[in-house]
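This one's a predicted model, so the numbers in the text were calculated from it and none came from an experiment.
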Amino acid sequence: MANTRRQDEIATTALELLDERGADAVSLRAVAERMGVRLNTVSWHVKTKARLLELMADAIVARVSLEDLPPDPAERFREVAHRYRRALLGFRDGARVVAGTYPAGEHTLRTAEAVVGALLECGLDEREAAWTAWTAVYFTLGLTQEEQGAPTSMGDVLRTAVTPEAYPALTRTLGHLAGGTFEERFAFGLDLISRRAGP
């Protein structure tokens, strides 16, 4: 059985590489080189690149604090979502790493438990709670991944491509499509999702 402490060390090293060089630079070989060990040592504990990414994803989600959450379940749901986003933003390509995995690690599960538990307390039935949680996760991952990878000139690209003749609806809303911060867009989208949970 792979040593959990060694897996944690490997995940930590992989996250250091992630922050320094981005997701494309992370590999079992690169982690082994950084740790000063043979590739088969890392492979014995982690087995595959997919498993390494799962460990990294769970370590990223470990940054989601579940301390001092609001007692109101709807507010608690929103607060955990905000903390989840901040955890993803805490690492270069953090959302990209988490979005590509389906980990069932301790930290991922405890965060999911907090989200689904809050939604159930809001009065949603089991299906609504589960699917609203998925909606919040997908939205947060997608928007955060875009934020971490978006070029600063995205607004200029849209303004150049969108013309009134070809795209009248987009032209009317261009100031909003190309404007606003990612934080504002996140707050808006989360508010829409949160309406399932009540005021």
Side-chain angles (χ1 to χ4, degrees), residues 2-19 23 26 45-46 50-148 181-199:
N3 183 288
T4 301
R5 182 177 298 176
R6 193 63 161 169
Q7 285 185 337
D8 291 343
E9 183 183 355
I10 290 168
T12 298
T13 302
L15 289 174
E16 291 171 1
L17 286 168
L18 179 72
D19 264 342
V26 177
H45 289 283
V46 177
R51 179 57 181 154
L52 175 63
L53 291 172
E54 289 177 353
L55 292 170
M56 292 169 65
D58 197 54
I60 290 170
V61 179
R63 300 290 184 94
V64 180
S65 171
L66 299 178
E67 300 294 325
D68 301 317
L69 289 170
D72 177 77
E75 291 180 16
R76 193 184 323 140
F77 164 72
R78 287 189 286 269
E79 178 61 23
V80 174
H82 278 285
R83 294 183 187 188
Y84 181 62
R85 177 174 178 269
R86 287 195 294 270
L88 298 173
L89 287 171
F91 292 91
R92 177 178 175 179
D93 293 337
R96 179 178 166 189
V97 169
V98 176
T101 63
Y102 296 91
E106 173 190 355
H107 305 295
T108 301
L109 292 177
R110 70 178 177 82
T111 301
E113 175 71 17
V115 170
V116 174
L119 292 170
L120 289 171
E121 283 186 51
C122 287
L124 277 64
D125 65 30
E126 288 82 359
R127 178 178 179 273
E128 288 179 314
W131 287 15
T132 301
W134 275 128
T135 301
V137 168
Y138 292 148
F139 166 67
T140 305
L141 286 171
L143 186 68
T144 308
Q145 190 169 352
E146 181 179 336
E147 180 175 1
Q148 291 182 313
T181 65
F182 280 99
E183 179 63 36
E184 290 170 327
R185 294 179 204 173
F186 179 74
F188 181 84
L190 184 62
D191 180 63
L192 291 179
I193 298 168
S194 296
R195 292 178 191 177
R196 298 288 301 179

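Side chain of Arg6 to main chain of Val46: no donor-acceptor pair is present (N/O by atom type, distance under 3.5 Å, no hydrogens or angles). Listed for the Thr13 side chain is a donor-acceptor partner under 3.5 Å among the backbone atoms of Glu9. For Asp19 (side chain) and Arg92 (main-chain N/O), a donor-acceptor pair under 3.5 Å exists by modelled atom type. No donor-acceptor pair closer than 3.5 Å links the side chain of Glu54 to the backbone N or O of Gly105. The backbone N or O of Asp58 sits nowhere less than 3.5 Å from a side-chain atom of Glu106 that would complete a donor-acceptor pair. Under a 3.5 Å cut-off, the side chain of Gln7 and the backbone N or O of Leu55 do not form any donor-acceptor pair.
Salt-bridge formation is not detected for the pair Arg78/Glu75: no Lys NZ or Arg NE/NH1/NH2 atom is positioned less than 4.0 Å from an Asp or Glu carboxylate oxygen.
Closest approach of Val116 and Ala133 over heavy atoms only: CG2-CB, 3.8 Å. A pairwise comparison of heavy atoms in Phe77 and Ala136 identifies CZ-CB, 3.8 Å as the closest pair. What you find for Ser65 and Arg83 is that their closest heavy atoms are O-NH1, 2.7 Å. The two residues Ala57 and Thr101 make their nearest non-hydrogen contact at CB-OG1, 3.3 Å. Between Asp191 and Arg195, the shortest heavy-atom contact is OD2-NH2, 3.0 Å.
With contacts defined as side-chain heavy-atom distances shorter than 4.5 Å, the pair Val26/Met56 qualifies. In this structure, the side chains of Val98 and Tyr84 come closer than 4.5 Å at one or more pairs of heavy atoms. With contacts defined as side-chain heavy-atom distances shorter than 4.5 Å, the pair Arg63/Phe91 qualifies. Contact annotation: the side chain of Leu190 never approaches that of Arg85 to less than 4.5 Å [non-hydrogen atoms, C-beta and beyond]. At a threshold of 4.5 Å between non-hydrogen side-chain atoms, the residues Glu79 and Arg76 do not count as touching. Considering only heavy atoms from C-beta on, Phe182 comes within 4.5 Å of Glu146 through its side chain.
With Val97 as the fixed residue, the side chain to side chain contact (heavy atoms under 4.5 Å, CB included) test singles out one of Ile60, Leu52, Leu88: Ile60.
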Inset, instruction - Give the intermediate values and the outcome of side-chain contact (heavy atoms from CB on, under 4.5 Å) for residues Glu183 and His82. - result: CA-CA 10 Å; Glu183 179 63 36; His82 278 285; 3.9 Å; yes
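Geometrically, Arg185 does not engage Phe188 in a cation-pi contact, judged by NZ or CZ lying under 6.0 Å from the ring centre and within 45° of the ring axis.
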